[in-house]
Amino acid sequence: MSVIAQARAAAAYLRDEADFNRSWTDGRRGAQWKSTPEYVNRRLEAAQERDAWAAAIEALVSRAQEA
């Protein structure tokens, strides 16, 4: 697998991880317990962090393909 393909796979994985973290806050996990605001905030922060990592990887891939 090429470096570009691996980078794309890593970005996709991080996007999936971000969505997984958001799923704990929007009811898709069907949690039977009450989430605390702190828990929700941490999950959303983790999602944002992983989205930012994915965006950075995607930007690097784009720049590498332009070169």
Report task. Determine the minimum heavy-atom distance between Glu17 and Arg50, stating which atoms define it. Result -> CB-CD, 4.0 Å
Query raised in the report: How about Phe20 and Arg29: do any of their side-chain heavy atoms sit closer than 4.5 Å?
Result: yes
Report summary line: Taking every heavy atom of Ala54 against every heavy atom of Ala11, the minimum-distance pair comes out as CB-O, 3.6 Å
Query raised in the report: What distance separates Asp19 CG from Asp26 CG, expressed to the nearest 0.5 Å?
Result: 7.5 Å
Query - Residue pairs fulfilling side chain to side chain donor-acceptor pair (under 3.5 Å) with at least one residue in residues 53-63, sequence neighbours excluded - result: Arg15-Glu58
Query raised in the report: CZ/Arg42 to CD/Glu49 distance, rounded to the nearest 0.5 angstrom?
Result: 6.0 Å
Query raised in the report: So, for Ala7 and Ile57, which heavy atoms are closest and what is the spacing to 0.1 Å?
Result: O-CG2, 3.2 Å
Query - Test side chain to side chain donor-acceptor pair (under 3.5 Å) applied to Arg43 - qualifying residues, sequence neighbours left out - result: Asn21, Tyr39
**Report entry** With Gln65 via side-chain contact (heavy atoms from CB on, under 4.5 Å) - residues at least two apart
**Finding:** Ile4, Arg8, Val61
